[in-house]
Amino acid sequence: MIQVPAKPYPFTLPPGRTALIVIDMQRDFVEPGGFGAALGNDVARLGAIVPTVAALLRLFRDKGWTVVHTRESHLPDLSDCPPAKRLRGDPPQRIGDPGAMGRLLVRGEPGNAILDAVAPVPGEIEIDKPGKGAFYATPLQDILAERGITHLVFAGVTTEVCVQTTMREANDRGYDSLLVEDATESYFPQFKAATLDMIAAQGGIVGWTTPFAELERAVRG
Ligand code: C5J
């Protein structure tokens, strides 16, 4: 077992039974002209974590541990996109509309791809998810169970939406989860700070948080 200094107390990580889940590091959220920008967000903030997410991927690849990448995406006919999701708000472009990188949030479009710098490599698991949480309407839980995974390390965007939703889903399914603080980002700094606090509050009601350097030091020894 590996002990990682973390909030609210050290995270105990079983090598070989721990998976990295990288949430939605897609052009649609991080680059101008995608879904995140269409909602009025300043997407520049999110790009800053790319080097840390890449380093986290290197750490798991070096150890040979399970890596999962998720994409928030919908089928081209939008049959998996509830009207409530598509019609909410008053954005200039909605899910499925044409944008600078193809149709927004549609599977297979250029904008829906994961950024090259943190893209999956052969052998890693890729999950397309129609919701915010990666367990909803996906095979993720079965895949993790087949591999005997009990502990999850989280990175990606955005902290308070898809990352936190998936951590809460994981919590209810019995996983212990650690969020890497500098490998996740939000369009709203105050929401990121609040999410990190609420995850670790009440004795780790959702899970643990730690900076990447602490995780790397503990894992590499
Ligand atoms: C959002 C996500 N923010 N990946 N999606 O709509 O967090």
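First listed ligand is number 1; within each ligand, the first listed atom is number 1.
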Result of checking F11, F154, Y175 against W208 for ring-ring contact (aromatic ring centres under 6.0 Å, His included): F11
Report every pair formed by an N or O atom of ligand 1 and a protein N or O atom separated by less than 3.5 Å, giving atom names and the distance to 0.1 Å.
| from | atom 1 | to | atom 2 | distance (Å) |
| --- | --- | --- | --- | --- |
| ligand 1 | 3 (N) | T158 | OG1 | 3.3 |
| ligand 1 | 4 (N) | D24 | OD2 | 2.7 |
| ligand 1 | 4 (N) | V157 | O | 3.2 |
| ligand 1 | 5 (N) | E72 | OE1 | 2.9 |
| ligand 1 | 6 (O) | K132 | NZ | 2.9 |
| ligand 1 | 7 (O) | T158 | N | 2.9 |
| ligand 1 | 7 (O) | T158 | OG1 | 3.0 |
| ligand 1 | 7 (O) | C162 | N | 3.1 |

Identified side chain to side chain donor-acceptor pair (under 3.5 Å) partner of H74 from the options R107, K85, R103, E109: K85
Among H69, K132, K129, the one residue meeting side chain to side chain donor-acceptor pair (under 3.5 Å) with D24: K129
R86 with D97: basic N within carboxylate O range, under 4.0 Å: yes
NZ/NE/NH1/NH2 to OD/OE distance under 4.0 Å, D28 and R71: no
Heavy-atom side-chain proximity of R147 to I125 below 4.5 angstrom: yes
